[in-house]
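In what follows, a structure is listed as structure tokens, so that the remarks can point back to it.
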Amino acid sequence: MADARTIPNPAKGFFGNRTDAAIAVAVVGVVMVMIIPLPTVLLDALMAFNMILALLILLIVLYTRKATDFSSFPTVLLVSTVFGLTVNVSSTRLILTQGSRFDGRMIRAFSSFVVGSSGSEGLVVGFVIFIVIIAVQAVVITKGATRIAEVAARFTLDALPGKQMAIEAEYNSGAISEEVSIARKNDLQREVDFYGAMDGSSKFISGNVKVGILITAVNIVGGIIIGAVIHSEPVSAAVGTYITFSIGDGLLSQLPALLVSTATGIIVTRSVSEGTFGEDVTKEFSRDARIYGIGAAVLLLFSIIPGFPWYVLVPMAFLLGIIAFRLSRKKKRAFEESVTKAAETAKPKEEMEMSPVVPLDPLSLELGYGLIPLVDRDKGAELLERVQRVRRESALDLGLVIPRIRIIDNMRLEPSEYCLKIKGVDVGRGKIRMEYFLCINPGGVKDELPGEKTRDPAFGLPALWVSADRRDEAERAGYTVVDPPSIIATHLTEIIKHHAAEILGRQETQAILDALKKDYPAVVDEALKTLNLGLIQRVVQNLLKEQVSIRNMVAILEALADYGPATKDIQFLTEKARQALSRQLCLQYADVEKTLRVLTIEPALEQKIIESKIETASGVSSALDPPLQKNWIKALSRAVGAVQEQGWLPVILCSEAARCLVKSSTFRELPELTVLSVPEIADETTIKVEVVGEIKIESEVK
């Protein structure tokens, strides 16, 4: 399908809107002016337009708050430069062809006004003024603006990664929203593109100066040759005519170029500005009244010295004194107002100094000061990107959008220690050795490496700390090598996976329902008619406790809407929600061939588990006799170990009535065990079930 932006709008006509058509005609006309001779009236109009265009560009720059607000400036700079050169070429043609008969009013008036006198003296004065303007523009303004543009482009590009990471850090910490983060990144990219374009566009000005000198020289030499040789005029007359017109033409063309080059210098030097040029000058020149008082005193001192024009210096000193007096009064009045306002608001501030509620972060990561480089944007801040990736992956795996993780430094921790907290409660911590790598033995490593023995903080596996120069050796030996940011990110992932139910509160549940209601209003409304928000939250929490993804929230709500009118039993509703996700559950635990290998429970043993059911405040639970519970766990562990030795994922399959009881009876000893009920098994076309063993207590068989 074609992009909508590439499809012309018939309502705009064949040429598009009027502005686009006018600009297109103007650009083509500028090029044609170089070729087609113009009447002097039209030439005067174009010269006047060139001057006012340059003045408008300068004024726009002065009233622009940020350089990127005038993002079209590089292109405007190119067009205005080409336009000025085109007018200059056209005037050159008319001067050389018409000679003394040239009646361009703009050039004649400008040359006579600037030169100021007739004869050889006027020619010399005009030529000197032309050279001075060219020197100022070429050596001072253009060269400086070009250098600033080059440096700004280079440093802006070098600072891009750091600024992007700073934005990511603010977004991850919750200081800004996703929309603000995207807007800031877009502004940053526009800034880089702008200064990159200005780096090349500044060359237009320097080239314009050089071409202006060349055109003026050609006008003088060519005019003298045409007047003296071709038209047989006296040399003095030819010199007077063509030099006067050439200098006037050169000054008239260089004045707009001077304005544009000044605008270029201003726009590239205002990278740290917070307002318009006038606002910045007013603010910065009115900060301290003492500087004007000192200036007035210096001028009065100079006026006393014989020979200095006291009639000029004394009035200027008087003016600076007035400015100093008014600024000092203004500062004093502002200070009094601030003191009065502070006094008026002091009492309410004292009363509201501490809020009655001190909110806790849903999830926070505290770092010892030795781990600060992991989040320092000047040193890469790799951990910030990893944390953002963990949030994204958790949303995809569990269907739960994790709140922004607050990363703070904690001086009470050891320098190399980090701590993960959920709502202010410590749920995991570990130690990191900076500049070292954690080498985990996956089970098949025979050659041991020398290093500091430790344990993986995420899974508790034996591991080693090795230096960076031995990383390749560890990888060749078969170790799983993990860098410090990955250690924390992996630990964070496991914490989220095992504590997702704690993270999901009523507010988060309401946010999920509000988001679904935009596309599935009927499903959400029907579920809320029969079940309140708390019941829905507890059902979803039960799913997350067993690491069941809630991405298919629509199916969960439909199941609750179906069975909610019949019962408010949380465990029963949870089982029905799981059954609604049967295909998802089976595929989650099946292998690549969609085969689900399960362990069954001896019917007599399963019946005893069902009979041990008791009601508690948190739901139903299994209460087997201690000897039977011990034998049940022993038999279950033996069967699970045999399945794991085959490289398969152990899954227990039982009846619907026993599933939650089997899970509750094994949660303390085997928290990762997967228990499915028969109604949760998808149809045979989707999944294939293979029974690989039966769990039974040997003493009971005998």
Side-chain angles (χ1 to χ4, degrees), residues 443 459 497-498 542-543 545-549 571-572 574-616 619-702:
F459 304 100
K497 187 183 299 182
H498 290 91
N542 286 343
L543 296 175
K545 284 179 183 177
E546 298 189 46
Q547 298 178 19
V548 177
S549 174
Q571 196 59 54
F572 178 81
T574 301
E575 296 301 315
K576 294 306 177 183
R578 289 176 59 92
Q579 293 169 20
L581 303 174
S582 59
R583 185 176 291 104
Q584 169 189 316
L585 288 173
C586 292
L587 292 176
Q588 180 178 347
Y589 302 113
D591 58 16
V592 293
E593 298 177 355
K594 295 184 178 181
T595 300
L596 183 66
R597 295 178 173 86
V598 300
L599 290 167
T600 59
I601 304 175
E602 183 186 23
L605 178 59
E606 181 176 328
Q607 184 60 34
K608 289 184 178 181
I609 295 175
I610 295 175
E611 292 174 355
S612 69
K613 173 182 177 181
I614 60 172
E615 296 283 347
T616 65
V620 297
S621 180
S622 173
L624 292 172
D625 294 335
L628 182 59
Q629 173 71 17
K630 182 178 180 180
N631 292 332
W632 153 241
I633 295 298
K634 187 182 298 184
L636 178 63
S637 301
R638 186 167 52 248
V640 168
V643 172
Q644 289 177 334
E645 289 179 358
Q646 300 293 325
W648 300 330
L649 179 68
V651 177
I652 309 300
L653 181 63
C654 59
S655 64
E656 180 181 359
R659 198 207 71 82
C660 61
L661 299 173
V662 171
K663 183 64 180 177
S664 65
S665 65
T666 61
F667 184 77
R668 187 178 298 276
E669 293 82 2
L670 300 170
E672 303 292 336
L673 184 64
T674 300
V675 183
L676 299 179
S677 65
V678 175
E680 293 172 5
I681 302 299
D683 57 89
E684 295 183 356
T685 60
T686 303
I687 205 77
K688 179 182 178 182
V689 179
E690 179 181 339
V691 179
V692 295
E694 184 182 45
I695 304 171
K696 54 186 176 181
I697 300 177
E698 298 296 335
S699 60
E700 291 294 322
V701 176
K702 296 177 182 179

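Residue numbers run from 1 in the order of the sequence given.
When all heavy atoms of Leu596 and Ala590 are compared, the closest pair comes out as CD1-N, 4.0 Å. Residues Ile610 and Ser655 approach most closely at CD1-OG, 4.0 Å, considering heavy atoms. Shortest non-hydrogen contact noted between Ala639 and Ile695 is CB-CG1, 3.9 Å. Among all heavy-atom pairs drawn from Ile697 and Glu602, the shortest one is N-OE1, 4.3 Å. Listed here is the closest heavy atom pair of Val620 and Cys660: CG2-SG, 3.7 Å. Across Ala577 and Leu543, no two heavy atoms sit closer than the pair CB-CD1, 4.3 Å.
Under the salt bridge (Lys or Arg N to Asp or Glu O under 4.0 Å) criterion, Lys576 pairs with Glu656, sequence neighbours left out. Thr666 is linked by a side chain to side chain donor-acceptor pair (under 3.5 Å) to nothing, counting only residues two or more places apart in sequence or in another chain. Residues meeting the side chain to side chain contact (heavy atoms under 4.5 Å, CB included) test with Ser622, sequence neighbours left out: Ile609, Ser612, Leu624, Leu661, Ser664, Ser665. Applying the side chain to side chain contact (heavy atoms under 4.5 Å, CB included) test to Ala642 and every residue at least two apart in sequence or in another chain returns nothing. Here Pro603 pairs with Glu694 under the side chain to side chain contact (heavy atoms under 4.5 Å, CB included) rule; sequence neighbours left out. Taking the side chain to side chain contact (heavy atoms under 4.5 Å, CB included) definition, one finds that Cys654 meets it with Ile601, Glu606, Ala658, Arg659, Val662, Val675, sequence neighbours left out.
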Walk me through whether Arg578 and Leu676 qualify under side-chain contact (heavy atoms from CB on, under 4.5 Å).
CA-CA 9 Å; Arg578 289 176 59 92; Leu676 299 179; 3.5 Å; yes
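Checked by atom type, the side-chain pair Gln588/Gln584 shows no donor-acceptor distance below 3.5 Å.
Between Leu636 and Leu673 there is a side-chain heavy-atom pair separated by less than 4.5 Å. For the pair Lys608/Leu628, a side-chain contact is recorded, criterion being any heavy-atom separation below 4.5 Å from C-beta on. Under the 4.5 Å side-chain criterion, counting only non-hydrogen atoms from C-beta, Leu599 is in contact with Val643.
To the nearest 0.5 angstrom, Gln579 atom CD is 11.0 Å from Thr574 atom OG1. Atom CD of residue Glu615 and atom OG of residue Ser621 lie 10.0 Å apart, to the nearest 0.5 angstrom. Expressed to the nearest 0.5 Å, how far CG of Leu585 lies from CD of Gln547 amounts to 12.0 Å. Summarising the geometry, atom OG1 belonging to Thr674 is positioned 5.5 Å from atom CG belonging to Leu649; distances are rounded to the nearest 0.5 Å. Interatomic distance, OG1 of Thr600 versus NZ of Lys696, reported as 9.5 Å (0.5 Å rounding).
Pairs passing the salt bridge (charged side-chain N to carboxylate O under 4.0 Å, His left out) check and including a residue from residues 668-679, sequence neighbours excluded, do not occur. Screening residues 624-651 for salt bridge (charged side-chain N to carboxylate O under 4.0 Å, His left out), with sequence neighbours left out, gives no hits. Residue pairs meeting the salt bridge (charged side-chain N to carboxylate O under 4.0 Å, His left out) criterion with at least one member in residues 583-593, sequence neighbours excluded: Arg583-Asp683, Asp591-Arg597.
The neighbour count for Tyr589 OH, taken as heavy atoms of other residues, nucleotides or ligands under 6.0 Å away, is above 12.
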